[in-house]
Amino acid sequence: MLTVSGIAGLPEIHEGDDLAALVLERASLSDGDIVVVTSKIVSKAEGRLVAAADREAAIREHHQGGITGYRAREVVTGPTTATLLEEGMAFAFNPSFAGLKIEDTFLLGPDGLENLTFDPGWPAADVHGRKRPLWLEAQASS
């Protein structure tokens, strides 16, 4: 039987952190258990990070969402788009940079925004009071 579980309580990892110690302090391990750590978290601990994209330039490379309805985008949103949103409208928000894209579709209702594409089963982080999906990291099979 295979059981997969996350390790609760890991802090944000920074360069120089003892990743093995942080995992061992929080994991309940038994003989034969296998610990898998993503390359991203190892890279963070080792200080091997790449600077984030220049947002000012990246926002012009791809539209950032827009009003949606019968077509994928009824109105495409870019850095200078000014569109009035009204209750009952659906719109997509997809911040994009080279090689990276996250997309959500929202409905503007009487109580504010309802995220129509949020999957409660997908790992997420709280960002400014709203759940945002965490990255999916695919490993190449050998």
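Values reported hereafter were calculated over all heavy atoms of this structure, with side chains retained and with hydrogens, waters and symmetry mates removed. This chain uses plain numbering: 1 for the first residue, then up along the sequence.
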Look up atom [atom1] in [X] and atom [atom2] in [Y], then write down how far apart they are to the nearest 0.5 Å.
X   : Y    : atom1 : atom2 : answer
E15 : E46  : CD    : CD    : 9.5 Å
H14 : L19  : NE2   : CG    : 12.5 Å
M89 : L108 : CE    : CG    : 8.5 Å

Is it the case that the side chain of R26 and the backbone of G9 share a donor-acceptor pair, with hydrogens and angles ignored and the cut-off at 3.5 Å?
yes
Donor-acceptor pair, side chain of T117 and main chain of T105, under 3.5 angstrom:
yes
When you group the ILVMFWY residues by side-chain heavy-atom contacts below 4.5 Å and let the links chain together, are L116 and F106 in the same group?
no
Candidate pair L113 and L107, rule side chain to side chain contact (heavy atoms under 4.5 Å, CB included), full reasoning
CA-CA 6 Å; L113 296 175; L107 177 64; over 6 Å; no
Ignoring hydrogens, what is the shortest heavy-atom contact between P11 and L22? Give both atom names and the distance.
CG-CD2, 4.3 Å
Shortest non-hydrogen contact from D17 to A45?
O-CB, 3.9 Å
